[in-house]
There are 2 protein chains.
Amino acid sequence: MEIGDVVKVCTRDSEYIGVILPSIDENTVVIKMKNGYNVGILKENIEKIEIIEKGKKPEYKLPPLDIKKNPNLKNISILSTGGTVASRVDYKTGAVHPAFTADDLIRAVPELLDIANIEGKVIMNILSENMLPSYWKKIAEAIKEEIENGADGIVITHGTDTMHYTASALSFMIETDVPIILVGAQRSSDRPSSDAALNLISSVLAATEPIKGVYVVMHGESGDTFCYLHEGVKVRKSHSSRRDAFKSINTIPVAKINPLTKAIEYLREPKKSEGTKKVKININLEEKVALIKIYPGISSDILKFYVDNGYKGIVLEGTGLGHAPETFFDGIKYAVDNGVVVAMTTQTINGRVNMNVYSNGRELQKLGVIGCEDMLPEVALVKLMYLLGNYDVEEAKRLINKNLVGEIEYRSRFDTY
Amino acid sequence: MEIGDVVKVCTRDSEYIGVILPSIDENTVVIKMKNGYNVGILKENIEKIEIIEKGKKPEYKLPPLDIKKNPNLKNISILSTGGTVASRVDYKTGAVHPAFTADDLIRAVPELLDIANIEGKVIMNILSENMLPSYWKKIAEAIKEEIENGADGIVITHGTDTMHYTASALSFMIETDVPIILVGAQRSSDRPSSDAALNLISSVLAATEPIKGVYVVMHGESGDTFCYLHEGVKVRKSHSSRRDAFKSINTIPVAKINPLTKAIEYLREPKKSEGTKKVKININLEEKVALIKIYPGISSDILKFYVDNGYKGIVLEGTGLGHAPETFFDGIKYAVDNGVVVAMTTQTINGRVNMNVYSNGRELQKLGVIGCEDMLPEVALVKLMYLLGNYDVEEAKRLINKNLVGEIEYRSRFDTY
């Protein structure tokens with residue numbers, strides 16, 4: 001039995017008919033059914049498989065396209081990290097095949113050629129749930145290389161699980177005039193409801209704009225009508241499965257992008273690019289930084305564990321305006337006494353930390369905890385890794401609650417909840 | 001200088017004129033200014049204080065009210081745990097004084113008398129950020145006593161920081177036909193913008209309804225127009241400061257309450273009460289349960305720490321559909337091998353865990369991690385404490401992702417995001 005064969009798979013409860021797809025999990029057989037859905041069946045549950053029709057193994061090596069650069073269009077580099085957004089479907093077998101080269105991308109989404117000259121490059125191939133801080137450095141280095149080689153804009157295809165963590169990391173690590181757009185998809189591109197193509201078109205449109213900074217582009221609502229351009233340090237994945245899973249938090253999106261008309265409507269002032277190809281990266285990160293969500297009954301020993309294991313920074317996701325139980329105070333004192341930076345964010349996600357209102361917050365401040373304004377917990381985590389990787393402890397403490405790249409807005413907006 | 005005096009306080013930068021209020025922080029002088037706001041000034045920053053007008057210390061012991069029970073109205077017990085919602089203002093001095101007795105409550109919000117016969121009782125006086133699982137037991141016991149003494153409905157006044165954790169705990173711990181309504185306020189009742197009175201009126205209205213279960217009542221939008229009745233296991237504090245901070249997640253609120261017209265509009269079917277006074281509580285909790293939020297770079301040693309410290313349950317707040325990095329797998333294996341229950345929820349907050357879609361989720365399931373459907377992380381934490389406190393490990397594993405009291409809906413709604 002080989003990839004491409006049409007088979008009937010019987011388990012105790014069900015029967016599936018479809019085409020065998022490549023499976024990255026050796027214990028699972030994945031088949032594409034007629035209705036377009038893929039199903040993974042654990043080998044141990046399979047009672048019988050029969051071949052209905054011998055298929056042909058899909059051929060991935062297609063002849064190179066002969067596309068001339070259009071001198072009137074910008075040059076956009078698409079760097080793939082392994083998200084489903086830039087995958088290509090072999091329509092005969094339904095196999096999903098990561099579209100790595102520029103040719104693959106253009107075959108999958110030929111509309112891109114009307115927008116820009118496209119270069120494609122694989123820089124890694126991971127599920128974003130397996131993203132690590134060390135990979136952020138690799139991505140930053142690859143971006144630098146592309147800009148130095150003349151890219152006018154960068155698109156990073158990325159799995160959605162941790163895309164906002166990566167967007168934050170790149171926001172702090174890279175200084176450049178060139179726009180950097182992260183894009184993902186919530187439905188793999190072999191499903192009829194895939195958001196991959198429209199997200200990709202929107203991201204390339206954004207990458208040709210005269211803006212700078214790091215952004216996330218994803219569907220703006222559940223239909224295929226528009227995408228949002230979110231600031232990379234003010235966005236998070238806020239739903240596990242919806243196409244409009246990404247939401248700007250404590251601010252509004254930067255722009256609305258219509259991938260069909262190619263119109264971009266700015267909702268607030270973007271950071272203007274000066275059009276240079278300057279690029280500077282700062283890839284030092286202190287990885288011994290932890291994020292701890294507070295809850296009733298949390299043991300303060302957890303702080304002792306981190307301090308005794310050499311951690312240099314702790315981001316707390318406190319309750320309400322930035323609180324932690326009194327029973328947690330001795331752990332905080334131990335951390336601060338040992339030179340660990342302790343920063344406070346809120347698990348309400350929306351809103352701002354204000355540790356001056358209640359006695360709990362004032363006590364925490366006295367212990368040395370630093371309130372992080374309206375910064376997201378995920379962003380505070382990445383920022384503290386960056387600060388402790390590049391500055392001494394006192395400077396990290398001074399900067400953690402100061403706005404560096406848009407991660408903190410000092411005035412609250414009332415149209416964002 | 002005494003409470004009630006009108007003073008001028010000078011710091012290096014500012015001057016404040018107002019009435020001295022009681023302060024719970026010995027290092028801070030709190031004064032109420034003419035504009036109605038309280039300001040806390042650190043004593044170490046004060047350069048000068050002068051008395052402008054000698055005040056009179058407010059008198060808290062007021063004569064008892066002589067209110068006859070109305071036999072046509074239901075009997076509602078209001079149990080105070082220390083939130084700002086049930087505090088009373090001395091209008092002369094502006095001092096905030098916890099309103100503990102029924103008389104105090106009625107003086108603060110006389111409209112309550114039109115709705116029900118009110119009994120008031122203090123069961124504790126804490127900031128909800130200091131809430132502990134052991135206090136949940138005390139609250140459950142107090143509720144049982146009130147119901148056995150004839151209460152037709154229970155209102156719990158509670159600080160907002162952890163109100164949703166307490167609502168979950170009571171949902172699992174108490175079986176009764178009598179409605180239990182938790183209510184809080186986002187603005188202390190001495191501020192002109194306080195939501196305390198309208199929330200309190202709405203909560204007493206809800207407590208007189210023929211429903212059962214545990215609910216949270218808070219403002220439904222930022223204005224003073226209506227409140228929502230949220231199911232206690234499907235709600236969380238979603239903003240640090242707004243009056244409509246509480247949102248139903250993955251479902252819609254049960255009802256809309258108009259505290260001015262006293263109309264209650266049900267938005268979905270409530271759990272109907274049979275009108276009995278049956279009550280059973282189950283206050284065993286296993287407190288050795290931890291909630292861990294996943295992020296790129298999280299060390300799997302944290303799991304080893306909890307297991308080696310005798311923890312029996314771990315709730316993970318994974319990424320996306322319920323994922324954790326491969327680098328975390330050895331810690332999970334260690335936990336499961338040691339008999340610890342490991343449950344998966346999602347940090348997207350909205351949406352459902354589905355660990356069958358990607359290989360990461362399938363691997364986690366093979367390791368023994370149990371996906372918790374659309375249950376909130378905070379609710380999963382409390383539920384696991386409850387299950388491990390009352391059942392053996394196998395039964396806890398079987399029940400963690402089954403709906404017990406409304407905490408899991410097996411079908412997703414599309415009108416809730």
Side-chain angles (χ1 to χ4, degrees), chain A residues 24-25 27-28 40 127-133 136 160-162 165-166 222 236-242 245 287 290-293 295-299 301-302 305 309 317-327 346 348-354 356 358-360 362 378 381 385 414 417, chain B residues 24-25 28 40 127-133 136 160-162 165-166 222 237-242 245 287 290-293 295-299 301-302 305 309 317-327 346 348-354 356 358-360 362-363 366 378 381 385 414 417:
Chain A
I24 45 171
D25 175 359
N27 302 317
T28 305
L127 293 166
S128 87
E129 42 271 40
N130 293 325
M131 185 53 67
L132 295 174
W136 297 333
T160 56
D161 267 37
T162 63
Y165 292 92
T166 300
S222 59
R236 78 191 291 278
K237 187 171 182 177
S238 301
H239 197 285
S240 62
S241 60
R242 280 177 65 114
E287 296 191 22
L291 174 63
I292 302 175
K293 178 162 171 169
Y295 52 87
I298 188 171
S299 165
D301 289 345
I302 188 64
F305 163 80
N309 279 277
E317 205 174 275
T319 60
L321 290 165
H323 301 139
E326 283 166 358
T327 47
T346 176
T348 61
I349 304 296
N350 298 284
R352 181 180 300 277
V353 162
N354 184 344
N356 297 315
Y358 293 103
S359 56
N360 185 288
R362 292 194 296 264
E378 296 88 355
L381 170 78
M385 287 181 181
F414 292 95
Y417 176 63
Chain B
I24 46 171
D25 174 359
T28 306
L127 293 166
S128 87
E129 42 271 39
N130 292 325
M131 183 55 66
L132 295 174
W136 296 334
T160 56
D161 267 39
T162 63
Y165 292 92
T166 301
S222 60
K237 186 169 182 177
S238 301
H239 197 284
S240 62
S241 60
R242 280 176 66 115
E287 296 191 22
L291 173 63
I292 301 175
K293 178 163 172 168
Y295 52 87
I298 188 170
S299 165
D301 291 344
I302 188 67
F305 163 79
N309 279 276
E317 206 174 274
T319 59
L321 291 164
H323 301 139
E326 283 165 359
T327 47
T346 175
T348 61
I349 304 296
N350 299 283
R352 181 180 300 278
V353 162
N354 184 345
N356 297 315
Y358 293 102
S359 57
N360 184 288
R362 292 194 298 264
E363 284 296 324
K366 272 191 228 161
E378 296 86 355
L381 170 78
M385 288 183 183
F414 292 96
Y417 175 62

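In the text below, chain A, chain B and the rest are named by the order of the sequence lines, each starting its count at 1. Since the model is a prediction, treat every value here as computed from it, not as a measurement.
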Ranking Met131(B), Glu378(B), Glu129(B) by heavy-atom pairs under 4.5 Å to chain A gives rank one to Glu129(B)
Thr28(A) to Arg362(B) - nearest heavy-atom pair and separation
OG1-NE, 4.0 Å
Interface residue of largest heavy-atom contact number with chain A, from Ser222(B), Ser299(B), Ser241(B), Pro133(B), under 4.5 Å:
Pro133(B)
Check whether any side-chain heavy atom of Leu132(B) lies under 4.5 Å from a side-chain heavy atom of Pro296(A), and answer yes or no.
no
CD1/Ile302(A) to CD1/Ile302(B) distance, rounded to the nearest 0.5 angstrom?
3.0 Å
Salt bridge (Lys or Arg N to Asp or Glu O under 4.0 Å) with Glu317(B): which residues, sequence neighbours excluded?
Lys293(A)
Pick from Ser128(B), Ala290(B), Gly40(B), Gly322(B): which one has the most heavy-atom pairs with chain A under 4.5 Å?
Ala290(B)
About how many Å separate CG of Asp161(B) and NE2 of His323(A), when rounded to the nearest 0.5 Å?
5.5 Å
Measure distances from Leu321(A) to the heavy atoms of chain B and classify the residue's part below 4.5 Å as side chain, backbone, both or neither.
both
Partner set under side-chain contact (heavy atoms from CB on, under 4.5 Å) for Ala245(B), not counting sequence neighbours
Gln186(B), Lys237(B), His239(B)
Find the one option among Ile292(B), Thr162(B), Leu291(B) whose heavy-atom pairs under 4.5 Å with chain A are most numerous.
Leu291(B)
Most contacts with chain A, counted as non-hydrogen pairs under 4.5 angstrom, among Gly351(B), Gly320(B), Ser238(B):
Ser238(B)
For chain A, find which of Met385(B), Glu287(B), Arg352(B) contributes the most heavy-atom pairs closer than 4.5 angstrom.
Arg352(B)
Less than 4.5 Å to any heavy atom of chain B: does that hold for the side chain of Tyr165(A), its backbone, both, or neither?
side chain
Using heavy-atom distances under 4.5 Å, tell me whether Asp301(A) contacts chain B through its side chain, its backbone, both, or neither.
both
Checking Leu127(A) against Ser359(B) for the side chain to side chain contact (heavy atoms under 4.5 Å, CB included) test, could you report, in this order, the C-alpha distance in whole Å, the side-chain angles of both residues, the deciding distance, and whether it holds?
CA-CA 9 Å; Leu127(A) 293 166; Ser359(B) 57; 3.4 Å; yes
